[in-house]
Engineer: 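My structure is below; once you've seen it, I'll send some questions.
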Amino acid sequence: MSKIQWYPGHMAKAIRQIKENLKMVDLVLELADARLPESSRNPLVQELIQNKPSLLLLTKKDLADPTETQGWVNYYQTQQQPVLAINSLHDRASVIEKKIQSVLVEKIAKQQQRGIQKKRLRVLCLGIPNVGKSTLLNQLVGKKAAQTGNRPGVTKAQQWLKVGKTLDLLDTPGILWPKFEDPLIGQKLALTGAIKDTLFAADDIALFALEYFEQKQPTQLLERYHLKKTDLQMELPELLLLITQKIGLRDDYERASQRIIFDCRQGKLGRYTLDQVPKLVEKLDESK
Ligand SMILES: Nc1nc2c(ncn2[C@@H]2O[C@H](COP(=O)(O)OP(=O)(O)OP(=O)(O)O)[C@@H](O)[C@H]2O)c(=O)[nH]1
């Protein structure tokens, strides 16, 4: 597929801002998409936050495969990374508030021992575009605090938001990769909506989606587009043309591609997880 470009200027600015903001907070709330927990994390975030306590929130869990999400949660627990899977549209602020307090419980206890009585905890919220930051913040704050939209890059300025009795939360604009070498990550991000639609060819991403569903969840593909099992033996471009006809778009495979992408983003082909949980390699005792 064509190479997806990132803008180093934006990235440099975002990094400067994060470094400044990190000095002011007790914890980093890192958002990643539950459908692609690794591919939707900016690798630089880990480097930047270093020893700062963090909580990884896997957003949009209602769109991800629940078994896979549980697998990812288990995996992060083995990595000592505090994690919580959420549906930002429905989950209550108190669940996240409690989890943050549990991550910081030792720090709070130490501060109390030293006579420091902090009333509020300061939290920095980070995530790639369209991961659901504004939606989560609105849910946490309990009113329409941040602008939301299903377009990457809607969050513009940063602001402090009060959450319940214990948290102050800093909203920041989504940050981008400076570049990514692995085209597969680009395809996953494009399919789930983290990259502007103008930056990739819809048919490339639709073919990627067809390949995924054909291999992993064929029943959903058959049902959604009224296909026969034998249709799945076709080459992918042929299958795309067949679906184009099935949905009444004659030979307009460009629009059909956009429809397939939209269906995947909306969960019309069911819940799915594009990133596979890494296999936990048990240490073999070679002396035996
Ligand atoms: N199904 C589902 N949709 C969600 C969830 N969280 C966010 N969304 C949707 O995802 C889209 C993007 O959400 P935003 O909150 O605007 O994302 P953002 O991270 O603020 O985006 P930027 O402004 O690009 O940084 C919106 O259409 C939301 O309704 C979730 O947990 N489940």
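Atoms within a ligand are numbered from 1 in the order they appear, just like the ligands themselves. Residue numbers run from 1 in the order of the sequence given. Scope of the values below: all heavy atoms of this structure, side chains included, with no hydrogens, waters or symmetry mates. These numbers were taken from a predicted model, which means no experiment stands behind them.
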Engineer: Can you tell me how far the NZ atom of Lys246 sits from the CG atom of Leu241, to the nearest 0.5 Å?
Structural biologist: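 The CG atom of Leu241 is 13.5 Å from NZ of Lys246, to the nearest 0.5 Å.
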Engineer: What distance separates Gln217 CD from Leu269 CG, expressed to the nearest 0.5 Å?
Structural biologist: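 If I round to the nearest 0.5 Å, the distance is 8.5 Å.
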Engineer: Quick one: look at Leu136 and ligand 1, take heavy-atom pairs under 4.0 Å, and tell me if it's side chain, backbone, both or neither.
Structural biologist: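 Within the 4.0 Å criterion, Leu136 makes no contact with ligand 1.
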Engineer: At a 4.0 Å threshold, what atoms of ligand 1 neighbour a non-hydrogen atom of Asn130?
Structural biologist: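 That gives atoms 11 (C), 12 (C), 17 (O), 18 (P), 19 (O), 21 (O), 22 (P), 24 (O), 25 (O) of ligand 1.
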Engineer: Identify, by atom number and element, the atoms of ligand 1 in contact range of Lys133, meaning under 4.0 Å from any of its heavy atoms.
Structural biologist: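 With Lys133 as reference, the close atoms of ligand 1 come out as 15 (O), 17 (O), 18 (P), 19 (O), 20 (O), 25 (O).
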Engineer: Does a side-chain N-to-carboxylate-O contact under 4.0 Å join Asp33 and Arg35?
Structural biologist: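 Here Asp33 pairs with Arg35 in a salt bridge, since their nearest N and O are under 4.0 Å apart.
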Engineer: For Asp168, does its backbone N or O pair with a side-chain atom of Arg122 as donor and acceptor, under 3.5 Å?
Structural biologist: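 No.
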Engineer: Should one rank Cys125, Ser88, Gly132 by closest heavy-atom distance to atom 17 (O) of ligand 1, which comes out on top?
Structural biologist: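 Minimum heavy-atom distance to atom 17 (O) of ligand 1 goes to Gly132.
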Engineer: Heavy-atom distances under 4.0 Å are what count here, so tell me which part of Asn87 touches ligand 1: side chain, backbone, both or neither.
Structural biologist: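 It is both backbone and side chain that touch ligand 1.
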Engineer: For ligand 1 and Ser134, I'd like to know whether there is a polar contact (N/O to N/O, distance under 3.5 Å).
Structural biologist: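 Ser134 vs ligand 1: N/O contact under 3.5 Å present.
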Engineer: What residue pairs, at least two apart or across chains, pass ring-ring contact (aromatic ring centres under 6.0 Å, His included) with a residue in residues 238-280?
Structural biologist: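 Only Phe213-Tyr272 qualify under ring-ring contact (aromatic ring centres under 6.0 Å, His included).
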